[in-house]
Each structure stands twice: as C-alpha cells, then as structure tokens.
Amino acid sequence: MVMARPDLGLGLAERGLPALRRQFPHVEADALNLFLESSEEGSGLADDALAALADMEREAVAGKEDQFGHLPIRGCRVTRRDGCGSLQVIFEGGESPPHVGTVLSMTGLEELAKCEKVLQAGLVLPTGEVLALQTGCNPTSFLLQEFGMHELRVCSGSAQEVERCWFMVSSPLGEYGEALDLFNDAYDWVWDGAWTSDLEDSILNLLVALDERFEAVANGSGGLMAQSLMSTLSSPKKRMEKNLSKALESQDTLALGRAVGCVRAFILGQSLMDMFAPADQDLQSSAFYQSIMSFERARLEAASVSKRDELQQALRRLVLAADAHVADLYSSGKGQDFIKRWSGGLRSEISAMLEGSSMHPLPFQQMRGGGGGYVADMMASMAESFQGPGGHGRAETTEAMTTLPPQATFSIAQSKMTRWTESLVDEQICIGSPMAPCEIHSREPGVDGVLATLHSTLSLGLGYVSSQGDGSETSKLVALLDRVRASLPLHAQQDFLQDKRRRDRLKDVCRVVRAARKKGQRLKLCVNLNFTKALNALREHHEDSWVGPALESVWDVMQKMKRVFGFELWLHEEGQEPQLIAADFGHAHTFGRAYYVATRFFDRKHRTLQPGFVLAYAEAECLRRAGFELWDLGGADHSPMMQYKPQVAMEMHRSEYLLRLREIARAEYAAISEDQTTSTPSFSESQQKPLADLAAAPPPGGERVPVGVVFEDLSEDELWGAAALKAETFTSKSSKAPKAETKAKKPKKHPETLEVPGPAAETANATNGLKEKLPSLSGEPVEAKEMQGYQPTTRPAQPAKDDAKQQFLAAFQKLVSEGLSETEISYMQSHQSQDEGKSRRQSTATSAWLRLGAPAARDTGAAAVPPVFAAPEWGCCFLPSTMVTISRKCSRCGGKGKVMAKIQSFGNQDLSNTSWAFAKMAVSNAMMMTAIGKKLVTMVKDLIPQDLANTAWAFATLGLPDSDLMDQILLEVIAKVSDFSTQNLANTAWAYAKLGLWNERLMQTLSLAIVRKVKDFDGQGLANVAWAYAVLGFRSKRLSEALLAASLEKIAAQEFGAQELANLAFSFDVTGDEDRLRAFLEAAVPRFLSVDGFSDAAASTELANIVARHRFRSRGAEELDVEFRQRFFHPVLRALQKCATPGGDSVEESDRIVEELAEEVTTAGLTNFGYVYARQAMQELGFRICDGSERPEWVMEARALARSQLEEWRIPGTENIVAVLSYELHYSGEVLRREPTVVTSGWAEGVHDEVKAMLRPVDARGWSCESYSERVALLELIEAARCRFGDESVSELTGWVRMYHSHHTSVTGLGVFCQFRRHVPKVSLDLDFDGAWYTWAGNPRPLTMLSDEESLYYYG
C-alpha cells in the first residue's frame, strides 16, 4: 500500500514580518509592522495595503538609486512551459543565476491568477523555510539572501493543487568553489587508459619516494601532537600505494584516478603535520614532490586530446571564477589574505599552466581554504562548532579541513550545512577532529552514540564512508557533502523521463526483464533475506571496500533495529541454485521519507541481465510504494565507478537535495505537532540536542521498509518509472496517428550508414570509418591544397609515380646513410625572390646529388637533379635538405632527445614546410614529427595563418594527433582567423575533423569566418568544409545556408565534380538537414549524371543511398538508381550469390569462387553497398533481416549491449564498430549456446588457421580486413563448434545465429556471411545493423548546434 505523502503546500508558509521584509526590502520594518497590525491574522494584506507598500518600495528604491545600500534588481517571469504546461522561471539577461543580495522582480504571477480560480504563492528557502508571497501587486519583489536552490510554490484551483519549480541563487564565492571542485574532478580523471613507459617509470619512482618521505616524517621530532597526527599521512599513504600498485598491474583508470586523490590528501596531511613538526626541507623542493611532478607530467602526456582539452577548459573557468571572487572580496573588504595570495604569484603560476607549463597539485591546494591556511581553517571550524547558530553566517572564501563534532547541536550542524553548500571544496568533513575523530565501533558503552551520530549525519543530508576499513577494530567516520548529488525524487517520473539517456536506460531494463521472463529466468527482489551473504559478496566484489569489520559490526546492530537494509536481487533458473546477482546497502532516515544508498555491487558474470540497473529501478519502486520521497545515491563525479548514477537518478546541486530533504522534515514535524499521543520530540526540541543523541535527528522510519521477499517474480510493472514510460509512449503514438499523411510526404529519418565521403581519397569502408588515402596535392607549401573529397577506389597502375617514389626513397636512404654537412641544412623558402631561391636551391641540390656520385651539368653549372626531385606527380622540384637532415638525425641518434637538440636551429617556417613536405611525400617518421611538434609548440604564436593551416594539415595527413601542438594551433587559429584565406580555413577544418578533434569554440570561430568568405571558396573547399562539420557533428544554420547557396552557384557554373557532390550530400544528410538536402539534390543529381559520376564507385554509392533513403523522386533519381544497380549492385551481388551457394566442392573450388568474388569487387571498385542497398542485398541473398521498421526484441537487447560497450558515439572506425552475436547450435542431440555477447575487432586469437581460411575477407582496396568484428564473431563460432562437436560437424550443424552490427555491413562482411552460408548451410542467419554515422547503436547521434552570433567567438 502506498503511504500518504507529506504536505508540501503553503499551509506552513510564514506570512508575517520575515516574509514582508523580503518582499519589500527597502521599506522600514516599523512601517511593515503597522500594515501587519491593521490586517486580519493569517489572511494576508488587503489589496489596498499591498498597493501602498508597493508605492513605498518604489519611492525608496528611487531615493537610493545612486546611494550606498541600493540593492541590485534582476527581472524574471513566471510562466508555463510549452507542451507540458509546467511552471518555469525565465530570467532577464540570460540563464545565469541571480546572485545573493539581488532583489528578484517577478512578473507573471498576476497573469496566472487571472487564469486560475484561486492562486497563492510562496518561496521555499534553502533552509527549508517557506515564505508566503503577496501576489496582489505586479511585479512581485523578493530579496535573495541565501545561496542555493530555491523553490517557487503555486497553489491554484479549487482543490489547491501545488505546482513547483526550482531556480538557483549563486554568488562569486559559490561559483569559485564549484569551479575548483570541477577542476579537481577533471584533473583526477584526465587519464583515460593510454599506458606509456614514462608513466610506468614515474609511478615506480613515486612509490620509492613516498616510502622515503613517510619514513623521514615518522622519524622526525614533532612531539606527541605530531605523532598523534601521523594517521593523516598513513591512511592516504596506504591507499596511494595500493592504487598505484594496481594501476601498474592492470593499467586501471579507476585506480590511477584514486591515486591522484590520495596524493592530494597526503599533501594536505603534510601541511597539517608541518604546523607541529616542520620538515627539514620545504615540500615543493623535496625529492618526493619532484617525483609527484614527474608523475603528473607523464599522466597528462598520456591522456587523450579530448581529456586534456576538457581539463584546460576547466582550468580557464577556474581562473575566471577566482578573478571574480577576488573582485567581490575586494569590494566588500573581506578575505584580504586570499586576495594577497592570489595576486601575489598564485594567479601567475596557474595562468602559466594554461600556456603550457606542467600542472602539479600544490598551487591548487593553496587555492583551497581561507587566508590562514589549512590549519587555521580547521581550528576555526572546530571553534565555530561550539558557537550559537548566529555564528555561522556566510563564509568569506572557500573552506577545507572542515570539522563537525558529535557534541554540536543539530541546529548548529544545520547552520554549518547551509554555509558549506556555498563554501565547501572537496566533499569530506571530519566528524570530530583530526586529533579526536569519531570512531565507529559496536562496543558498549558508546555504541548508542555511534548509531546516533551516524543517523544524524544522514538526516543532515550528508553521505558517509569509514576511513579505515582494513581490518582494524575501529574506523573513523568521514562525512561527505558532494557538490553534485545523484538523487531520485520518487514522485517525479515525468521529470526523470525528460532526459533521453535516462529514458533509454529504463527502456533497456524493461526489455531485459521481459526477455528474462520469456527465457524462464525469475528475478526476485528481497530485503535483508540473507544480509550476511550479501555482505560477504560485497567484500569479494570490492577488494578495496571502505566497509570494514568495524562498520560491519555496527551494521549488524543496526539491522536488528531496522536502521540498515540490504536490497538483494536473486536470479532463479531451472535446475540451479538461486544466485545473488546484485545488492544495495543503505539506510532509511527523516521519518522514513528518504533513503540513502551507502554502497552496492553486482555480479559481472550476469552483466547481460543488467543486474545493477534492474535492482536500482526495482528498489526505487519498492520505496515509492512504501511512502518514501527521496532515493539518494550520494555524490556523482567523473569516476568510472560513478557513470551509472546519472542513468538511474537525477543529478542535482547539493543545495537542491538539502532543500528537498529539509522541506520534507519540516512538513513531517508540523504533522506530528498536531498528534498529542506521539513521543517524538518536537522540531524545536530536537534542534537543541547534540548529534550524538538518538533524539536529535528525525526518526529514521525504517519500519516503512518491507523486509523479506518484496517482488517474487519481478516484472516491468514493478520497475520504477515503467508505468509512466508506457503512458508516455501511448500518448506519443496517439498524437502521431493524425499525422500519417504528413509523414508519408516526409519519411522518417531512418539511420542509414553511407560511406564516409572524406577528403582523403576513397570512401571509408563500413567497418573502417575514416581510413583514407594520402592527398593528391600540387604547388609549393605556401599554396598547399587540401585533400580531395574522393578518389576512385580502383587504383590504376601508376608506373611513373611509383618509380619516382622508389627513386626518391633510394636517394633518401643514401643521403641518410652518408649524412649532410651543416651548410646543406639551408633551404630556400618559397616566398623569397625567385633568383635568390634558384641559386640556393641549386646549391643544395648540387651538393646532395654530387654526394651520390652524379655528374654536374656542365652547360649551366648546376647539378643534374634526380628524376624524383622534378617529378610533377609530387609537386616539388627539390628535396628540402631540412627533411634529409632531420630524418638522418632521427635514424642515427636512436632517441628524440638528440633530435630535439638538433632542430633547435630551425625557424618556425622551416619546421612548418618540413612537416608539410613529408606529409605530401607520404614519408612518415613518427619520431621526427614528434620532435617537430615539440619545437613548434614553443613557436606557434609566430606562425602566419598559412603555416598554421599547413602544419595542421600535415599532422592530420600522417595521422599524428600531436595534442599539445594541435591545442596551440587551435588557440592561434581563433586569434588570427580573420587573416585566413579560404584555403587555410578549409585545410584547418578538414585537419581537425580528420584527427577527430572536437572543439566547439574552434568550429564556431571557423564557421563564422567561412560564412563571410563563402563566395570565394572553390568547389573542393566547400565540399571539404561541409564534410568536416558533418564528421564532427556540428550544425549551424547560417553555415548550412551559406554552403547550400554557394554550392548551387557552383553547380550552375558546372564547377562541381562527383566527389564534391557526394561530400555535400553526405554533410546535409548526416546532420539531419533534410530541407537543404532536398534543395541540394534537385541540382546535384542531374549534375552528377552529366559528369559521369559513376566512374567513382564511392561517390556513386554515397549519392545513390542518400537519394534512396530519402525517397527522392525528382529529375535523375530513377536513372541514378538504375545505373547504380547495373554498374555495381547486380555484378557484385551475383558473385556473392555464387559464393553463398552450398556445395561439397573441394577447398580449391571454394578458393576459386572467392577469388572470382574478389576480382568482381576490385573491378567494380566497390567497398560497400551503403545502408539502403546493403539491406536489399541481404534480403536477396536469403538472409533474414529486419525491414527497417519495428525491430525484434533480440535486436533491441543487442543495441543495448553495443551501447554499453561503446559508451558514447564515436567517429566510425574499425575499433569503434562492434558486433553482438548469439546462437544456438545443434549436432547429434547436443546443444551449444551463446548468450548475446559483444565482439570487437581483432585477430581472432585462438582460432586455427584452417578455420580462418574458411572465411576469407575480400576488399576492393587490397586491404586485409581480417580484423572486422563480424568475421571475428563467426570465426569464434566455428572454432567453438569444432571444439565441441568435432571438425566434421560444421556442415551438419543446425540451429540459428543472430548477429547485430553497429554499422552497416561492408562488401567484406557480406562476403564473410556468404562463405559462412556455404560452409554451414543448415544454420539460419538472422542479421540487422544500424548506421554509425546516424546513430549510436540505435540511439540518435548527438549533434551540436553552433551559435550564429558573431560576438561570441569571432575575433576579427
């Protein structure tokens, strides 16, 4: 039975002087009292009294407008959202929240009152107090004095239904603290898995230095006080050693991120120790800290580009927030110590990190806490704990090392909580003090105090951990006040479902539960059925669990008192013992209206059942039915362990969680105050009791939680939110029914996967994403052209070019082995005078060529130049000596240190031209390019726009994402974009897209510049720009309109070829810009046919699929379809059909048939059929495949598994495209099954060569394609069948195979399927796929809308 909910209306609202002083802040209190005395008690002010007060307020404001004491005013409007009708507050001047001390001027309440029969309004403050609003005057004012989340309540209608909406009130201090916490979060988790030798060496050195430092501190002469504080070092030391060792062993991102947090805790503890026993050597100059700096350098260098970019953005935000906070302190005359510290060198040191200096933790430690340092903060916090509530006003600056003694009253603790929501950085709060922490134990006497303190901690809105769960008899209680809270208001299903990620996760869990029931699996939800077994399973699952023996003993006591609960999810399968597959441990508190989850686990062997998510939704539904209001999962951050939380709960600011909790508590206290029989202390009585008193906090209400079996056979109806999801789906379908005629005219955008029409030669294969050929360039570096949109995939013989390249390589290696003199290093830049350039180039060429023994040309005095140096195919006349010199040094010295030393003499243009030349000639030397990149990072500010574009193009062409260099180039591009030519703009956009470097600010800036110059772009430039924005997922209305208009002009002028046409169509298609796509196709299709675009198989495939996908029926569409089928589709399909025909022929005959398929594919130059035609091909080949509408259950489950593997949408490539395989095979009465499993690309290790020979990959480009995931999956299947049933069983196997592919299958994949059919003819093959350019395993691909406002990013 669902319990009655607490009254959250306006019956308890304060209507007296405190409310009026907020609404009329400039009117004297005596005047307000006179009006109150003249009004009827409890009825509010009359309309004429409100009008008089409003006039007085306006007069007072006008009189103080230019005087000290005038309060800033921020306008806002209360209105209803379109569609759902819920309330919202819209602020003037943008979405930034108002600051503390602002008068809110609200309009809209009067309009709402006209629409409703009765309307009352009130504001709930962060303290939980409700203040009534007098709504008779417009606008309605309110003085904001508290930091944090505020709630506007409106009661309307005859039934006085309550509507609520929320808005945040911020401050410079709060924004600074938030920026510091977010930076620390990004800093801790910046490393995302790329292991390097430097990182490994730095971890080993850090472990050694840590031991030496700890031993030196332990042997110091700090006296008894210092020795008593050794635990502040010993605990983080043990955790640091454990996590660093685990990172070394398994290269675990979670362990390394935790180790960074331990480093910060160790440094914090060291500062506390230094107060009583200053170290002989300053921490920053110690060998220990130098090892920390080396570790941090290696960790950041190993991080991905996107992670480092995210960290840089967080650091920029921190600097700006700190500047604003210092300005606020300066104007108020407070925080002088922090102002001096920030302006006295700390800001300069951190700003240097933005410019490329190494990041290390000590400066950021100095940004925490007040001017007195950590120890002063700690002592001040301890002293304030014993003051009255009035001693806990707003903090001057951020606070760390905070304490909360159990002897403090509940009222004082709540005051500190209100203060900490604004000022606390890092989430930990010491219960007790560092010298006398609160110990967790179950011994008598004292256990009641432990239970009371733990319960009070939860009722205050804090989470907790025990700091020493390592086998000791006691552990210390540490409270947590995370800035971001993952909490679920159990009656807010509609709000929960507004987020797509949460809605999709709930859908997936519902499908999993339905599928499990169909398979005969029974999921059972229980509470405290086997608490001991669940604890043991938790210990086995979490080796480093903070739940140690001391806390377990306390939980044992609490379980008997119904103060701790274990929610258990059991799996029952026929013929097997029940298995515990997931469990949550938590506490009820605050009258049984809130529930806190302390820790949880799930069995990874059953991850396909998503047991953690199933348990979460089932547990939430159980608690909702029991009358709970809030289900709290604690803090959320970037840790890999926390990524599930935003999918099952709503992330909210900690002040919002506290507000929700406090208003529930106040409502419950108000309800029991009317109950004469209750023994529960009143609100005022409990507020004065110490935290260690069992009567201080509201009763926990654990009796509300049902114990035993809750859901015997879990169904989706017993999952929280499932009913609302069904209702939403039904409503959505009903609303769409009348639009059937409209949809027939404008078909649904099914995610189709068409090949990548990238600026690199050929379209990428379906499972190879952005793999591209090298560019075809012409001209000197000053006018370097970008890559073409396409090149024919059938590569014709090019003996002249191949011979030239071979001669170049031979000459190059000869020069490298011989070496060059220092005078030969000179290289004439192409923008110098022609005569001088000719002389110097001849000198260099003569010297180099004579070293090879070639005679000089007697008639001119110049050396005979080797053919490669004048080969027109390569677009340059002479081999730059800088190329030879740098590469020679790379080859000889065997280390990049000497290379870096050698290239110090090169100028910025030398380095830019050198990188361009090597990229153009397809000569890749990673060590040399790394050396160039490191040198250029220091000189990038001096590069002209063309050098910036050429350098970015060179590194992208060679596939070398030098993140430091590209980050610096990015900043310079933004600063100098107004000087970029159209060629520079196109090359730069293409380079960042080619490397997959996503940066909104860069692409915003480029888009505005491109729009300005769009008429000056040639056809290839337009196509490559459009391709770059489509690949990275950016949309801009102005850019799209400009590209379309310019493209139509180019088509009319007959300047576009097949490659450019396909690129533009691709860009409009994958970004969902259907209207512009259709306008473009009207002109593009006839143009494509007129230029014989079918000579390019990739362009033909792209355009034909786009036209078919959108059912384009205008001029040329039918001819395009017929021609594509005749030239490509049918010839390759016939070869595939022959390959799929079962037969008992010999191995030689099978090889011959596959060779014929390979020959046909190569002749056609076809790498894939595209999304539409691939589905048709599978149907004609006899495979069972969905028709593209409603997907069966197995496909939906496979999509969910693929998303869990891929984690987020990524640019399609071999490593980012997965298959999900399941099967049931029969042979001679035996069965071999495999549950749905994700298969990634790889080399099918463990599969015998004779099995690999059964499924040979074919590809038009000559690529091996052996690692494609669909091939690996079927090879593993055949190998498993042979191992189980024997080698002879393959052709006699029966049963079914289901395979889902996250991207449309290539010709290679179709060939593998056909060969599988040939060898295993009696097994049915069910297939389905999505398009990775359009979806993330079935979910729409996220796109980023760019602003069209030039003032944001354009620095022209």
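Heavy-atom basis, side chains included; hydrogens, waters and symmetry copies ignored.
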Ring geometry between Trp990 and Trp953 (parallel below 30°, tilted from 30 to 60°, perpendicular above 60°): tilted

Ring centers of Phe1094, Phe1088 separated by less than 6.0 Å: yes

Donor-acceptor pair, side chain of Asp1069 and main chain of Ala1065, under 3.5 angstrom: no

Among Leu1044, Val1107, Ile1106, the one residue meeting side chain to side chain contact (heavy atoms under 4.5 Å, CB included) with Leu1077: Ile1106

Salt bridge flag under 4.0 Å for residues Arg1078 and Glu1082: no

Phe1169 ring center near Phe1128 ring center (under 6.0 Å): no

Exam field: side chain Asp1326 to backbone Arg1184, donor-acceptor pair closer than 3.5 Å: no

Taking every non-hydrogen atom, the tightest pair across Ala1104 and Leu1120: CA-CD2, 3.8 Å

CE-CD1 distance between Met1178 and Ile1185, expressed to the nearest 0.5 angstrom: 4.5 Å

Polar side-chain atom of Arg1298 near backbone of Trp1194 as donor-acceptor pair, under 3.5 Å: no

Heavy-atom donor-acceptor pair, Arg1271 side chain to Gly1309 backbone, under 3.5 Å: no

Student check: side-chain heavy atoms of Val1031 and Val1070 closer than 4.5 Å: no

Inter-residue atom distance Leu1081.CG - Leu1064.CG, 0.5 Å rounding: 10.0 Å

Rounded distance [0.5 Å steps], OG in Ser1241 versus CD in Glu1266: 13.0 Å

Arg1256 (side chain) donor-acceptor with Gln1315 (main chain) under 3.5 angstrom: no

Any side-chain heavy-atom pair of Pro1212 and Ile1217 under 4.5 Å: yes

Residues forming a side-chain hydrogen bond (donor to acceptor under 3.5 Å, both in side chains) with Arg1134, sequence neighbours excluded: none

Side-chain donor or acceptor of Tyr1029 paired with backbone N/O of Ser1007 under 3.5 Å: yes

Cation-pi geometry met for Arg1125 and Phe1129 (6.0 Å, 45°): yes

Non-hydrogen side-chain atoms of Leu1275 and Lys1252 separated by less than 4.5 Å: yes

Under 3.5 Å: donor-acceptor pair, side chain of Asn1063, backbone of Trp1027: no

Aromatic ring pairing Trp1209/Trp1333, orientation class (parallel under 30°, perpendicular over 60°, tilted between): tilted

Flag, side chain of Arg1318 to backbone of Thr1141, donor-acceptor distance under 3.5 Å: yes

Gap between atom CH2 of Trp1336 and atom OG of Ser1302 - 0.5 Å precision: 12.0 Å

Sub-4.5 Å side-chain heavy-atom contact between Met1254 and Val1290: yes

CG-CD distance between Asp1096 and Gln1059, expressed to the nearest 0.5 angstrom: 5.5 Å

Lys/Arg-Asp/Glu bridge criterion (N-O < 4.0 Å) met for Arg1175, Asp1328: yes

SB check Glu1041 Arg1076 (cutoff 4.0 Å): yes

Other residues, nucleotides, ligands: >12 heavy atoms within 6.0 Å of Glu1159 CD: no

